[in-house]
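One structure is given below, encoded as structure tokens.
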There are 2 protein chains.
Amino acid sequence: MAIVSRYTIALHILTWLAYWAEKDEFFPSDRIANSVGTSPVFLRRILGQLAKAGLVLVQHGGTGAGWKLARRPEDISLLDVYEAVVQTPLFEMHHSQPNPSCIIGHGIQPALQRVYEDSEEALKLRLAQESIGDLVASALEHGKL
Amino acid sequence: MAIVSRYTIALHILTWLAYWAEKDEFFPSDRIANSVGTSPVFLRRILGQLAKAGLVLVQHGGTGAGWKLARRPEDISLLDVYEAVVQTPLFEMHHSQPNPSCIIGHGIQPALQRVYEDSEEALKLRLAQESIGDLVASALEHGKL
DNA sequence: CACATTGTAACTTATTCAGTTCCATTGAAG
DNA sequence: CTTCAATGGAACTGAATAAGTTACAATGTG
């Protein structure tokens with residue numbers, strides 16, 4: 001399979017919040033849902049993860065409750081978002097145990113472990129180079145056509 | 001989610017075949033299944049993909065039917081295996097359509113497309129640097145303890 | 001106190017993956 | 001030319017996971 005669409009949704013949310021950030025207000029989840037095209041409850045689940053990671057701030061009760069960015073868009077990297085939203089390792093190991101009395105079956109998992117960690121690291125390094133600020137600029141460019 | 005365990009299984013298969021490669025015979029799928037710890041039918045599905053990609057050779061009927069490597073282990077990169085077995089893009093887009101009348105909703109997908117492609121490319125570049133030969137060496141090192 | 005909004009739990013639905021069973025097909029060996 | 005060990009593929013099951021929905025208690029501003 002692939003990296004969950006939850007990650008795409010999280011990036012959409014943050015890009016949207018960044019676009020409206022100059023207003024400096026809290027935006028409710030159904031307002032965001034209108035742009036993303038999915039349910040406010042689903043968004044709140046993701047927003048909760050982003051809040052735990054310190055990427056957004058939440059205002060609970062009263063009128064004017066909702067969400068806003070906790071930092072400037074340029075200071076939120078796509079890696080920050082990845083680590084906030086994706087908790088599972090990128091590569092899956094065997095579902096059923098390989099045969100430990102076979103020398104390959106015994107040694108393959110630690111061998112893969114090392115390669116998998118390095119490869120995941122390469123991906124994360126690339127994600128660290130891009131920010132929500134970049135996404136806003138790029139989305140506006142494409143959105144205006 | 002993550003990259004399917006099918007990829008791990010494919011690497012296990014090829015590492016196993018590489019380990020026995022000097023014998024220069026064809027190995028049946030249930031012999032391989034004994035090391036991997038999963039069903040021969042599942043393995044044959046994966047072996048079929050590897051054969052299509054030209055990484056293994058198959059011998060159909062008769063005694064001595066089975067599978068063997070089509071190239072030397074050092075000439076099969078982990079990227080070759082990835083492209084043989086994983087067909088879907090690494091990142092998932094939205095499941096439901098973002099709002100096209102919102103400027104962010106309209107521009108976000110092409111913006112993400114570019115970043116996603118670049119990031120997937122970074123992962124593949126790392127996978128291209130490692131070969132089945134490396135995996136055999138590393139697995140033997142760990143397997144001997 | 002009123003009320004807009006969050007937080008969370010429980011449920012449904014769809015999808016995907018791994019694994020299984022079954023049988024027709026293949027082709028080397030005797 | 002028969003035998004038989006093996007592949008190839010279809011059809012099915014079971015389990016896990018994701019996205020989406022409904023419902024309601026908790027929050028805290030005004």
Side-chain angles (χ1 to χ4, degrees), chain A residues 1-13 17 25-34 36-53 56-68 70 85-98, chain B residues 1-13 17 24-34 36-52 56-68 70 85-98:
Chain A
M1 200 192 286
I3 290 170
V4 283
S5 79
R6 207 181 327 133
Y7 181 56
T8 290
I9 305 295
L11 292 178
H12 189 148
I13 291 173
L17 284 176
E25 30 173 301
F26 290 88
F27 298 92
S29 57
D30 34 353
R31 181 97 185 272
I32 310 174
N34 177 54
V36 180
T38 185
S39 102
V41 177
F42 185 37
L43 290 195
R44 286 205 294 274
R45 279 208 284 257
I46 296 172
L47 279 159
Q49 295 184 283
L50 297 176
K52 261 185 208 150
V56 298
L57 299 174
V58 58
Q59 177 77 266
H60 275 102
T63 36
W67 311 82
K68 73 172 171 187
V85 160
V86 181
Q87 322 83 338
T88 58
L90 182 58
F91 294 89
E92 275 185 23
M93 277 293 171
H94 303 65
H95 285 190
S96 46
Q97 195 71 12
Chain B
M1 200 192 287
I3 291 169
V4 283
S5 79
R6 207 180 327 134
Y7 182 55
T8 289
I9 304 295
L11 292 178
H12 188 148
I13 292 174
L17 284 175
D24 196 39
E25 29 174 301
F26 290 89
F27 298 93
S29 58
D30 34 353
R31 180 98 185 271
I32 310 175
N34 177 55
V36 180
T38 186
S39 102
V41 179
F42 184 38
L43 291 195
R44 284 204 295 273
R45 278 208 283 257
I46 296 172
L47 279 160
Q49 294 183 285
L50 297 176
K52 262 186 209 148
V56 299
L57 300 174
V58 58
Q59 176 76 265
H60 275 105
T63 36
W67 310 83
K68 74 172 170 186
V85 160
V86 181
Q87 321 84 339
T88 58
L90 182 58
F91 295 90
E92 274 185 23
M93 277 294 172
H94 302 65
H95 284 190
S96 45
Q97 194 71 11

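In what follows, every chain begins at residue 1, and chains take the letters A, B, ... in the order their sequences are listed. We use all heavy atoms of the structure for the numbers below, so side chains are in, but hydrogens, waters and symmetry mates are not.
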Between Pro98(B) and His12(A), what is the shortest heavy-atom contact and its length?
->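 What the structure gives for the nearest pair is CB-CE1, 3.6 Å.
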Where Val56(B) and Leu47(B) come nearest, the two heavy atoms and their spacing =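 Of all heavy-atom pairs spanning Val56(B) and Leu47(B), the closest is CG2-O, 3.7 Å.
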Calculate the interatomic distance between [X] atom [atom1] and [N] atom [atom2]; express it in whole Å.
X        : N       : atom1 : atom2 : result
Glu25(B) : dA5(D)  : CD    : C1'   : 15 Å
Gln59(B) : dA28(C) : CD    : C1'   : 8 Å
Phe42(B) : dG8(D)  : CZ    : C1'   : 16 Å
Gln49(A) : dA18(D) : CD    : C1'   : 13 Å
Glu92(B) : dC17(C) : CD    : C1'   : 14 Å
Phe27(A) : dT6(C)  : CZ    : C1'   : 17 Å
Gln97(A) : dA18(C) : CD    : P     : 16 Å
His60(A) : dT8(C)  : NE2   : P     : 8 Å

Report the residue (Ser5(A) or Gly61(A)) whose heavy-atom-nearest nucleotide on DNA chain D is the more 5′ of the two.
->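 Comparing both residues, the 5'-ward one is Ser5(A).
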On DNA chain D, nearest-nucleotide positions of His95(B) versus Asp30(B): which is more 5'?
->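 Going by which nucleotide is closer to the 5' end, it is Asp30(B).
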If you only use heavy atoms from C-beta on, which nucleotide in [options] is closest to the side chain of [X]?
X        : options                   : result
Val4(A)  : dA18(D), dT22(D), dT20(C) : dA18(D)
Trp67(B) : dA18(D), dA18(C), dT7(D)  : dT7(D)
Thr38(B) : dG28(D), dT7(D), dG19(C)  : dG19(C)

Taking for each residue the nucleotide of DNA chain C with the nearest heavy atom, is it Gly62(B) or Gly48(A) whose nucleotide lies nearer the 5' end?
->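 That would be Gly48(A).
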For [N] and [X] - does any side-chain N or O of the residue sit under 4.0 Å from the phosphate oxygens OP1/OP2?
X        : N       : value
Thr63(B) : dA6(D)  : no
Arg6(B)  : dA18(C) : yes
Ser39(B) : dA18(C) : no
Ser29(B) : dT7(D)  : yes
Arg44(A) : dG7(C)  : no

What's the spacing between Arg6(A) CZ and Phe42(A) CZ if we round to 0.5 Å?
->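 Separation between the atoms: 6.5 Å.
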Could you state the interatomic distance from CD (Glu92(B)) to OG1 (Thr8(A)), rounded to the nearest 0.5 Å?
->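 Going from the CD atom of Glu92(B) to the OG1 atom of Thr8(A) covers 7.5 Å.
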Could you check whether Val58(A) gets within reach of a base, just the sugar-phosphate, or nothing at all, counting any heavy atom under 4.0 Å?
->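 Since only primed, P, OP1 and OP2 atoms lie under 4.0 Å of Val58(A), the category is sugar-phosphate.
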Any side-chain heavy-atom pair of Leu90(B) and Ile3(B) under 4.5 Å |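 A side-chain contact under 4.5 Å exists here.
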